[in-house]
Engineer: 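Encoded as structure tokens, here's the structure I'll be asking about.
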Amino acid sequence: MYQRLSLNTMTTKRWTLREAVEATAAAGLPAIGLWRDRVAETGAEQAAKIVLDNGLRVSSLCRGGFLTGVDNAEAALDDNRRAIDEAATLSTPELVMVVGGIPDRDLVGARIRLAERLAELVPYAAERDVRLALEPLHPVFCADRAVISTLAQALELAAPHPARTVGVVVDTYHVWWDPALANSVARAGAQGRISSYQICDWLVPMAADPLVSRGMMGDGVIDFASITALVRDAGYDGDIEVEIFNETVWATDGVEILEAMKERYRELVLPVL
């Protein structure tokens, strides 16, 4: 039943790496999506061992990116190379890329720098069998987090590169509003570029900070059946990560969150797969 369900460690932010891995395994899930702060607790090699010893796989590593800066190009590229190495050590093929915002009011320039720096990273990632998974973020985050806001933009940025080296992330929180979503998901599937399907809900009313306004599936306005059907019909058969940024969720016992995840997945996502 849960062969594709994955806990993203941001959902249970208070847990250490080991706590998150052991609880995920105990809950009967097969996979876990790791953030680099959790990996840094032990180092990538020990993190890989903890995951393997608990019979799990790493669905993705988050995050690389932030490639749009004006003055920090080499530092950003070096950090992304480290992230690629970590992904390879963890045996996950997908490194989620939150690409970066606008440092100087020049949106066009930021997107040009992003494309140039992505091209520099692709050969390094390809040598290590890691795919750079471009994640479009809701437009509210364009200024500070991601200058790509739609799957169509992500696909355009990925287009010069083979599908095995650059993919895209379908995150319901970020793409549910997009009137071109059906076409873009179909295109991504036809190109073999869907790297990850991440799910959580859009709450109404929102929290004061949109970053921490994600909700458990079913608590907001997103139609998970329709988006899941799009992803299914596009041929994606990989892991489905629950990634929630929410102060209330973070304050809740992690085991309760895992059980709620499983229940909502059974109700809202699994029937469509």
Side-chain angles (χ1 to χ4, degrees), residues 5-17 19-20 23-24 32-38 59-66 68 96-103 107 133-151 153-154 168-179 181 196-228 231 240-269:
L5 183 58
S6 175
L7 170 72
N8 184 288
T9 56
M10 189 55 72
T11 304
T12 52
K13 188 178 181 180
R14 293 190 303 172
W15 274 346
T16 65
L17 172 73
E19 287 171 337
T24 299
I32 189 164
L34 299 180
W35 272 66
R36 293 179 70 198
D37 60 345
R38 295 284 80 87
S59 50
S60 73
L61 178 65
C62 195
R63 58 179 162 66
F66 285 84
T68 56
V96 175
M97 303 288 285
V98 177
V99 298
I102 310 166
L107 177 56
L134 304 175
E135 182 171 19
L137 269 57
H138 189 281
V140 73
F141 300 108
C142 183
D144 61 343
R145 292 184 178 275
V147 295
I148 54 174
S149 303
T150 67
L151 276 177
Q153 287 178 301
V168 297
V169 178
V170 180
D171 184 326
T172 56
Y173 184 75
H174 294 302
V175 303
W176 67 272
W177 59 274
D178 184 355
L181 183 60
S196 178
Y197 181 36
Q198 296 182 331
I199 57 175
C200 70
D201 219 332
W202 182 279
L203 300 179
V204 177
M206 295 186 69
D209 181 357
L211 183 64
V212 293
S213 193
R214 295 173 175 233
M216 184 63 69
M217 298 81 69
D219 287 350
V221 301
I222 294 177
D223 180 353
F224 289 94
S226 65
I227 298 178
T228 300
V231 174
I240 300 172
E241 287 186 20
V242 177
E243 183 186 50
I244 300 174
F245 293 61
N246 184 294
E247 299 283 357
T248 301
V249 171
W250 291 339
T252 302
D253 177 73
V255 173
E256 290 183 33
I257 296 302
L258 275 166
E259 290 306 309
M261 274 175 48
K262 292 163 63 177
E263 177 185 358
R264 302 296 177 86
Y265 177 80
R266 288 196 309 267
E267 293 176 355
L268 301 171
V269 177

Engineer: Could you give me the CA-CA distance, side-chain angles and deciding distance for I257 and M216, then say whether side chain to side chain contact (heavy atoms under 4.5 Å, CB included) is met?
Structural biologist: CA-CA 9 Å; I257 296 302; M216 184 63 69; 4.1 Å; yes
Engineer: Do the side chain of T252 and the main chain of T248 share a donor and acceptor less than 3.5 angstrom apart?
Structural biologist: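 Here the side-chain-to-backbone pair exists.
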Engineer: What are the two closest heavy atoms between T12 and A20, and how far apart are they?
Structural biologist: OG1-CB, 4.4 Å
Engineer: Is a side-chain N or O of N8 found less than 3.5 angstrom from the main chain of I244, in a donor-acceptor match?
Structural biologist: no
Engineer: Considering non-hydrogen atoms only, spot the tightest contact between P139 and S149 and give its length.
Structural biologist: CA-OG, 3.7 Å
Engineer: Tell me whether T228 contacts the main-chain N or O of V269 through its side chain, where contact means a donor paired with an acceptor under 3.5 Å.
Structural biologist: no
Engineer: Rounded to the nearest 0.5 Å, what separation is found between the CD atom of E243 and the CH2 atom of W35?
Structural biologist: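 Between atom CD of E243 and atom CH2 of W35 there are 6.0 Å.
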Engineer: Under 3.5 Å, is there a donor-acceptor pair between the side chain of D223 and the main chain of A225?
Structural biologist: yes
Engineer: With a 3.5 Å distance limit and no angle check, can you tell me whether E19 reaches the backbone of T16 through a side-chain donor-acceptor pair?
Structural biologist: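 Yes, the answer is positive, given that a donor and an acceptor are paired below the 3.5 Å cut-off.
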Engineer: Under 4.5 Å between any side-chain heavy atoms of W202 and H138, yes or no?
Structural biologist: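 Yes, side chains in contact.
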Engineer: Is the backbone of L61 close enough, under 3.5 Å, to the side chain of R36 for a donor and an acceptor to pair up by distance?
Structural biologist: no
Engineer: Working to the nearest 0.5 Å, report the span between CG of L134 and CD1 of I148.
Structural biologist: 5.0 Å
Engineer: About how many Å separate OG1 of T68 and CZ of R145, when rounded to the nearest 0.5 Å?
Structural biologist: 12.0 Å
Engineer: Check whether any side-chain heavy atom of W176 sits under 4.5 Å from a side-chain heavy atom of D201, and report yes or no.
Structural biologist: no
Engineer: For the atom pair CZ (R63) and CG (L34), what is the distance rounded to the nearest 0.5 Å?
Structural biologist: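 Spacing of CZ (R63) from CG (L34) equals 14.5 Å.
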Engineer: So does G215 get a backbone contact from the side chain of N246, meaning a donor-acceptor N/O pair under 3.5 Å?
Structural biologist: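 No.
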Engineer: On a heavy-atom basis, which atom in P136 and which in V175 lie closest, and how many Å separate them?
Structural biologist: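 For P136 versus V175, the nearest heavy atoms are CG-CG1, 4.3 Å.
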Engineer: Nearest 0.5 Å, please: how far is OH in Y197 from OG1 in T172?
Structural biologist: 6.0 Å
Engineer: Under a 3.5 Å distance rule, please check whether D144 uses its side chain to pair with a backbone N or O of G101 as donor and acceptor.
Structural biologist: no
Engineer: Do K262 and E259 meet the salt-bridge criterion of a basic N to acidic O distance under 4.0 Å?
Structural biologist: yes
Engineer: Among S60, C62, C200, exactly one meets side-chain contact (heavy atoms from CB on, under 4.5 Å) together with E241. Which residue is that?
Structural biologist: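 Exactly one candidate clears the test, S60.
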Engineer: Any side-chain to backbone donor/acceptor pair from W250 onto M10? Under 3.5 Å, distance only.
Structural biologist: yes
Engineer: What distance separates T24 OG1 from W15 CH2, expressed to the nearest 0.5 Å?
Structural biologist: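 Result: 6.5 Å between the selected atoms.
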Engineer: Apply the test side chain to side chain contact (heavy atoms under 4.5 Å, CB included) to residues F141 and L211: give CA-CA distance (whole Å), side-chain angles for both, the deciding distance (0.1 Å), then the verdict.
Structural biologist: CA-CA 8 Å; F141 300 108; L211 183 64; 4.2 Å; yes
Engineer: If I compare all heavy atoms of I32 with all of L7, which pair ends up nearest, and what's the gap?
Structural biologist: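 Where I32 meets L7 most closely, the heavy atoms are CG1-O, 3.2 Å.
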Engineer: With no hydrogens and no angle check, is any side-chain donor or acceptor of T11 less than 3.5 Å from a backbone partner on V242?
Structural biologist: yes
Engineer: Please give me the minimum heavy-atom distance between A146 and V99, naming the atom from each residue.
Structural biologist: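 Closest approach of A146 to V99: CA-CG2, 3.9 Å.
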Engineer: How far apart are the closest heavy atoms of Q198 and E135, and which atoms are they?
Structural biologist: OE1-OE2, 3.3 Å
Engineer: With a 4.5 Å heavy-atom cut-off, do R214 and H174 have their side chains touching?
Structural biologist: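 Yes, side chains in contact.
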Engineer: Are the side chains of W177 and T150 in touch, meaning some heavy atoms are under 4.5 Å apart?
Structural biologist: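 Result yes, sub-4.5 Å side-chain heavy-atom pair found.
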Engineer: Check whether any side-chain heavy atom of D209 sits under 4.5 Å from a side-chain heavy atom of E247, and report yes or no.
Structural biologist: no
